[in-house]
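Inspection log for the structure reproduced underneath, given as structure tokens.
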Amino acid sequence: MRFSVTVFPGSNCDHDCEYVIRDVMGQKVEMVWHKETDLRNPDCVVVPGGFSYGDYLRTGAIARFSPVMKSVADFAAKGGLVVGICNGFQILCEAGMLPGVLIRNKSLQFICKNVYIKVEQTDTPFTNACKPGQVLKIPIAHGEGNYFIDAEGLKKLKDNRQIVVRYCDPEGQVTPESNPNGSLDAIAGVCNEKRNVFGLMPHPDRSGEDVLGSHDGQVIWKSILAAKAGVA
Amino acid sequence: MTSSIMDVEITPQVIKEHGLKPDEYDRICKILGRKPNITELGLYSVMWSEHCGYKHSRALLKTLPTKGPKVLQGPGENAGIMDIGEGWAVAFKVESHNHPSAIEPYQGAATGVGGILRDIFTMGARPVANLNSLRFGPLSDPKVKRLFAGVVRGIADYGNCMGIPTIAGEVVFDESYTENCLVNAMSVGLVRHEHIIKGRASGLNNPVIYIGATTGRDGIHGATFASTEITDESTEKRSAVQVADPFMEKLLMEATLELIHNDLLVGIQDMGAAGLTCSTCEMASRGGAGIEIDVAKVPQREKGMTPYEILLSESQERMLLVAKPGCEQKVHDVLAKWDLHAATIGFVTDTGRMVVKENGKVVADVPADSLTEAPIYHPAKSEPAILKKHRDFDETSVPDCKNPGEILEKLLSDPTIASKRWVYRQYDHMVRSNTLVRPGSDAGVLRVKGTSLGLAMTIDGLGSYCALDPYEGAKIVVAEAARNIACSGAEPIGMTDCLNFGSPEKPEVYYYFDRVISGLGDACRAFNIPITGGNVSLYNENPSGAIDPTPIVGMMGLFSDVNTAVTQWFKDDGDPIYLLGDIGGTIGGSRYLQVTHGKKTGRCPHLDLEAEHRLHQVLKAMADAKFLQSAHDCSDGGFAVALAECCFTGLTHEEAARGAKVSLPGKGRFDGRLFGEAQSRVVVSCKPAMGAQLEAMAKKFGVPCEKIGQVGGKELAVGNEMKVSIDKLADLFFTSIEKQMA
Amino acid sequence: MGWHVSVYVTLKPSVQDPQGATVQRALNQMGYQAVQGVRMGKFTELEFDGKLSEADVKKQADEICDKLLANPNIESYRFTVEKK
Amino acid sequence: MGWHVSVYVTLKPSVQDPQGATVQRALNQMGYQAVQGVRMGKFTELEFDGKLSEADVKKQADEICDKLLANPNIESYRFTVEKK
Ligand SMILES: Nc1ncnc2c1ncn2[C@@H]1O[C@H](COP(=O)(O)OP(=O)(O)O)[C@@H](O)[C@H]1O
Ligand SMILES: [Mg+2]
């Protein structure tokens with residue numbers, strides 16, 4: 001399967017995405033500089049984490065005007081799979097490709113640690129290999145991962161089953177203590193209505209191998225591979 | 001405008017304001033064969049400051065061991081470099097940003113990280129890890145809390161934005177640092193041998209190119225500022241705080257590495273302390289060449305800047321490079337890709353001189369190496385009377401402890417001993433997906449992708465020991481850092497150090513400085529660990545006195561097979577626990593004596609260099625043979641604290657806390673054996689089936705080894721003397737700083 | 001001569017403001033009990049070329065606010081234009 | 001009834017503003033060539049208890065700005081007070 005990873009000035013998890021896709025999952029991966037418009041014919045586009053434009057102004061606010069983002073939007077409009085991780089999620093929200101917005105963590109601090117997330121929806125191309133309610137141990141590393149959306153938006157998310165993953169404890173219970181950043185409804189990741197665009201704050205790119213503390217992130221990549229196989 | 005500053009008369013007052021002594025001024029006149037103009041005076045002033053010129057330290061630094069088969073680059077470049085095999089090398093260096101952080105904690109610490117990162121990537125190495133060593137006054141002080149919070153956030157924001165994991169560090173809270181906090185930042189990079197590049201200029205007429213942020217009036221005289229004591233007046237001089245721009249630095253880093261990997265450069269140097277002045281004269285002097293630049297071509301942020309200001313500005317995130325002939329256009333193309341400013345501001349000459357023009361008119365013309373060769377001083381030294389008092393302290397005047405459980409709780413809650421989770425959670429320590437051992441164990445461990453190699457790293461300092469006995473204390477700092485590496489299963493291969501002291505012009509401070517350098521050198525020679533570079537920060541004092549003499553040591557360890565890495569926490573119930581080394585029994589200089597008895601005194605523990613070296617070797621051998629389930633050295637808080645940490649520090653890594661039941665070896669005072677800080681001791685555990693082999697191996701290496709108990713239960717039980725709940729201890733340990741900072 | 005545009009971006013009332021809440025707590029703890037609410041926003045100053053007409057400056061400033069300086073999901077903005 | 005205080009915190013002119021510079025570059029690249037300078041600041045709204053006198057509000061607001069909202073090493077501030 002062919003992945004393209006977009007690279008913005010200030011992206012810094014681009015290497016991690018490249019590594020997990022190519023060396024751990026054994027797939028093809030192209031790195032696409034933000035000034036380019038040709039995505040090089042991918043099956044899935046990954047918008048990686050990092051600090052595009054230093055996170056200056058607002059996370060993701062400047063990156064979304066990069067030339068490559070128009071191509072990513074067109075690709076998604078045609079049904080292509082797009083996944084945004086951490087800063088990638090923030091960029092997709094700013095670009096309007098995903099609903100909601102990510103604001104400062106409730107603690108106002110950057111937080112780097114492993115958390116647990118619960119898979120709420122398995123009928124997406126990004127989670128189809130998960131069992132319903134499966135709990136994944138997966139790291140977060142962000143200062144602005146506090147998901148917010150207005151009441152109407154939240155209702156829509158629920159009605160359309162767009163809340164894909166939520167923060168929980170190791171047993172899968174969603175508790176206030178297991179919500180690391182104050183996200184509304186403990187939302188860790190959402191998809192769009194068409195279910196082909198997915199964003200999440202936790203890092204499946206950093207949790208592909210046991211030596212790193214968890215291989216649970218692999219199931220996200222495996223789902224994407226399965227989705228492609230299903231299409232073919 | 002320009003002419004008015006050029007006309008400034010060089011009076012004794014002007015010379016003094018530039019921090020130059022009358023005989024230094026005479027020396028400048030002799031070098032030039034005439035009087036310097038004000039711009040030239042400015043150049044000498046910054047380059048001959050303590051910070052850049054190492055006037056009071058160079059003679060002693062020369063005594064340190066710097067050579068070894070793996071050393072590819074020793075002191076003298078932006079960072080030291082060591083071979084680690086398979087065509088890879090590691091670059092590392094530590095640097096202080098104490099004074100700027102005291103004035104403006106967030107920006108000061110952030111720009112400190114920025115500076116040390118530039119030192120790494122200007123060598124052609126990609127930074128792969130950051131470390132930091134911090135010292136503050138007691139955490140109960142609200143001013144300290146703000147300082148601590150600001151410094152940590154500054155380090156976090158910079159490293160996180162750059163995408164470089166901060167994987168190790170240390171924090172100490174002690175009264176001696178209340179007015180002078182210490183912020184030492186270390187960075188580590190990986191480089192293929194063929195990509196190593198140096199900060200030299202060569203090749204007649206090769207273009208000299210300026211890249212990065214524009215030049216403003218910030219930090220002018222930062223270097224001279226870092227070389228004087230903090231007084232109320234210096235808080236006034238602060239007008240020009242440097243604002244960190246990690247995004248710019250990220251672009252600079254990527255562009256620089258691309259330029260180097262495409263073989264477009266002759267040399268490259270960052271602009272740190274003393275800015276354009278330092279980078280220009282150092283590159284010329286190292287390359288045995290000359291450089292001519294025109295300051296009018298320097299990209300400027302403010303209007304009407306004089307040559308003096310442009311040359312001395314310490315605006316951050318700037319670099320100077322010399323392109324290969326015919327590569328200038330390609331250099332500009334790479335920089336354009338990264339949206340970076342670039343300006344050709346001059347060219348390489350063969351005159352050995354640093355010539356500065358402004359719109360074609362010469363404003364400074366001096367021999368480049370006269371700037372990099374500051375005068376060397378051999379200050380007077382005398383042993384402070386207090387040292388004898390410490391040595392003569394009578395331990396028997398302190399009653400033995402009756403309530404070891406309570407003392408253990410108190411020690412684990414002491415902010416210096418307690419978990420620094422509040423700190424490292426703010427640092428991205430996983431980015432680049434190489435971190436195999438995250439913060440919380442004796443050393444951070446990284447893999448080198450595509451190989452079986454790995455690196456272990458740690459940074460340590462023990463100012464309180466050095467204050468009691470600078471020679472012994474310095475030996476212990478090296479030993480402890482190397483021991484931390486050995487506990488992780490790696491071989492200590494090289495070291496960098498940052499020497500934080502008060503004013504060298506005071507004979508007592510200089511005495512400490514001299515003895516500390518002897519101790520560092522002797523320990524490194526005993527362990528065969530070369531020092532590949534470092535930094536000196538003097539004048540860390542205020543009207544009420546100097547800081548404790550604080551050498552900080554950054555240690556690099558190598559794994560040929562990183563799968564042998566060991567962590568400090570117990571793994572399985574039933575595993576036997578051993579103590580390697582002798583339990584000892586003195587309490588002098590211990591954290592215990594300080595925390596429970598309020599006494600910062602006594603005889604500093606003694607370190608037997610040979611016994612310590614054998615310990616490092618046996619630990620490595622045991623790790624290689626995969627005997628070890630865990631290994632953790634006894635340091636602050638002694639045996640009891642080390643044991644407790646083995647029980648619960650795995651919690652940071654989502655591993656279960658485990659109890660242990662052990663007997664207390666040795667004879668004599670309980671408090672000495674439980675909480676004393678005798679050296680060369682490590683608590684290890686292994687799978688039950690490995691016990692006999694482990695004991696045999698210890699015997700072979702001549703290292704004392706005693707089976708003391710086994711892992712299991714919900715309590716830490718030491719003989720009949722102490723029994724405490726692990727959950728309670730873990731809670732105190734992990735939340736003590738968090739609660740104070742809430 | 002140029003145009004000086006001052007832009008004020010504020011969070012919509014329905015959006016939580018963790019930073020403002022923290023500042024308020026800190027102020028109350030510091031003894032400023034009379035502070036009953038704190039909201040953090042952004043203040044941006046833009047300098048425009050003097051050759052543009054006032055109408056053009058207003059039009060461009062509005063676009064810039066709408067597209068870049070504020071996120072309409074959570075923020076509102078207003079701005080003022082002065083000749084300088 | 002209460003007091004509404006609007007605080008404007010800006011970087012001192014000599015201090016570099018990486019955020020502003022980055023936003024300016026972005027705007028220029030997006031086609032807004034007429035934007036010749038951008039400086040980023042903070043805009044904070046404080047609500048004070050209406051029982052305080054105007055003079056007290058001013059005094060407290062000034063202290064709050066100096067101690068907490070602005071960093072005197074690099075920033076300046078000004079504020080306005082309104083009855084609401
Ligand atoms: N404590 C020390 N031990 C060994 N070498 C040192 C020490 N302090 C400084 N050096 C070496 O002296 C040289 C000059 O240091 P420094 O001025 O800090 O470098 P930079 O120009 O990068 O700031 C460097 O090569 C450094 O490694
Ligand atoms: Mg340097």
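Because only heavy atoms are used, hydrogens play no part in the values below, and waters and symmetry mates are left out as well, while side chains stay in. Quick note on labels: first sequence line is chain A, next is B, and so on, each numbered from 1.
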Checklist entry - At a heavy-atom separation under 4.5 Å, does D/S6 approach chain C through its side chain, its backbone, both, or neither? => result neither

Checklist entry - So with a 6.0 Å cut-off around NZ of D/K59, is the heavy-atom count from everything else above 12? => result no

Checklist outcome for this item: Separation between CE (C/M30) and CD (D/Q60), nearest 0.5 Å, reads 11.0 Å

Next on the checklist: To the nearest 0.5 Å, what is the distance between NZ on C/K67 and CG on D/L27?
Outcome noted: 9.5 Å

Checklist entry - Which residues in residues 75-84 of chain D have a heavy atom less than 4.5 Å from any heavy atom of chain C? => result D/R78

Checklist outcome for this item: Ordered numerically, the heavy-atom neighbours of chain C under 4.5 Å found in residues 42-51 of chain D are D/K42, D/F43, D/T44, D/E45, D/L46, D/E47, D/F48, D/D49

Item to check | chain D contact via C/V7 - side chain, backbone, both or neither, heavy atoms under 4.5 Å | outcome: neither

Checklist entry - Is there a side-chain contact between C/V35 and D/V5, using heavy atoms and a 4.5 Å cut-off? => result no

Item to check | Option in D/A34, D/A26, D/G20, D/A61 with maximal non-hydrogen atom pairs under 4.5 Å from chain C | outcome: D/A34

Checklist entry - Top residue by heavy-atom pair count (under 4.5 Å) with chain C, among D/I64, D/L68, D/V38? => result D/I64

Item to check | Option that, when pairs with chain D are counted at under 4.5 Å, heavy atom only, ranks first among C/E63, C/M40, C/Q36 | outcome: C/Q36

